[in-house]
Amino acid sequence: MFMGIDPGRDKCGVAVLNSAGEIKFQRVVPTEELDNVIKNLAASMQIQSVILGDGTTHKSAAQKISAAGLTFQLVDEKHTTEEARRLYWIKNPPRGWRKLLPTSMQVPPEPVDAIVAEILVRRFLQA
């Protein structure tokens with residue numbers, strides 16, 4: 001299992017995928033709860049490695065990962081938010097009036113940080 005983390009000041013995206021790319025956990029969590037989430041997932045799943053985005057507050061997240069006794073790999077976060085927005089609309093096709101607008105002109109109605117975490121793991125697995 002691989003845990004992806006998209007660190008942020010207020011919230012973090014967390015996703016756990018197996019080596020086949022199947023999502024086992026995916027959620028946006030408040031940053032102050034990240035250490036508990038990491039510890040709980042490490043205890044309940046066999047986490048091989050944590051894939052950490054190299055963006056905002058990654059140093060703080062790296063300390064929390066190390067404190068949980070896990071190793072991590074930094075992955076380039078460049079353009080992950082745009083990719084996550086596109087993937088959001090694939091996973092959640094627009095309904096109602098939103099079907100009339102191109103998805104490239106829409107902003108997802110919820111944070112995409114957990115999808116970014118998924119993308120980070122997929123980038124790592126493809127490398």
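These numbers were taken from a predicted model, which means no experiment stands behind them.
- In this structure, Phe25 is not a member of the same hydrophobic cluster as Ile51, with clusters built from ILVMFWY side-chain heavy atoms closer than 4.5 Å.
- One N or O on the side chain of Thr31 and one on the backbone of Arg9 form a donor-acceptor pair closer than 3.5 Å.
- Only one option out of Arg27, Glu22, Met1, Gln26 pairs with Val16 in a side-chain contact (heavy atoms from CB on, under 4.5 Å); it is Met1.
- Leu125 and Leu120 fall within a single hydrophobic cluster, where Ile, Leu, Val, Met, Phe, Trp and Tyr side chains are chained together by heavy-atom contacts under 4.5 Å.
- The distance from atom NZ of Lys64 to atom CD of Glu33, rounded to the nearest 0.5 Å, is 10.0 Å.
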Give the C-alpha distance, both sets of side-chain angles, the deciding distance and a yes or no for side-chain contact (heavy atoms from CB on, under 4.5 Å) between Ile38 and Leu70. CA-CA 9 Å; Ile38 292 170; Leu70 297 169; 3.8 Å; yes

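- Exactly one of Leu41, Val28, Asp113, Val50 qualifies for a side-chain contact (heavy atoms from CB on, under 4.5 Å) with Val14. That residue is Leu41.
- Note that the CG atom of Asn18 and the CD atom of Gln46 stand 12.0 Å from one another [nearest 0.5 Å].
- One hydrophobic cluster holds both Phe72 and Leu34 under the rule that ILVMFWY side chains link at heavy-atom gaps under 4.5 Å.
- Between Tyr88 and Pro109 there is a side-chain heavy-atom pair separated by less than 4.5 Å.
- To the nearest 0.5 Å, the span separating CD on Glu77 from CG on Leu52 amounts to 7.5 Å.
- Contact between Ala117 and Ala15 at its shortest, heavy atoms only, is CB-N, 3.7 Å.
- In this structure, the separation between CZ on Arg122 and CD1 on Ile115 is 11.0 Å, given to the nearest 0.5 Å.
- Around CG of Asp10, the count of heavy atoms belonging to other residues, nucleotides or ligands within 6.0 Å does not exceed 12.
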Item to check | Worked check of side-chain contact (heavy atoms from CB on, under 4.5 Å) between Leu17 and Glu118 | outcome: CA-CA 7 Å; Leu17 285 75; Glu118 171 191 346; 4.2 Å; yes

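- Rounding to the nearest 0.5 angstrom, the gap separating the CZ atom in Phe2 from the CD atom in Gln73 is 9.5 Å.
- Enclosure of atom CD in Glu32 by more than 12 non-hydrogen atoms of other residues, nucleotides or ligands within 6.0 angstrom is indicated.
- Rounding to the nearest 0.5 Å places NZ of Lys78 at 9.0 Å from CG of Asp54.
- Counting non-hydrogen atoms of other residues, nucleotides and ligands closer than 6.0 Å to NZ of Lys91 gives a total above 12.
- With hydrophobic clusters built from ILVMFWY side chains whose heavy atoms lie under 4.5 angstrom apart, Ile5 does not share a cluster with Phe124.
- Taking 4.0 Å as the cut-off between side-chain N and carboxylate O, Arg123 and Glu83 count as a salt-bridged pair.
- Met3 and Val121 are not part of a single hydrophobic cluster, where members link through side-chain heavy atoms under 4.5 Å apart.
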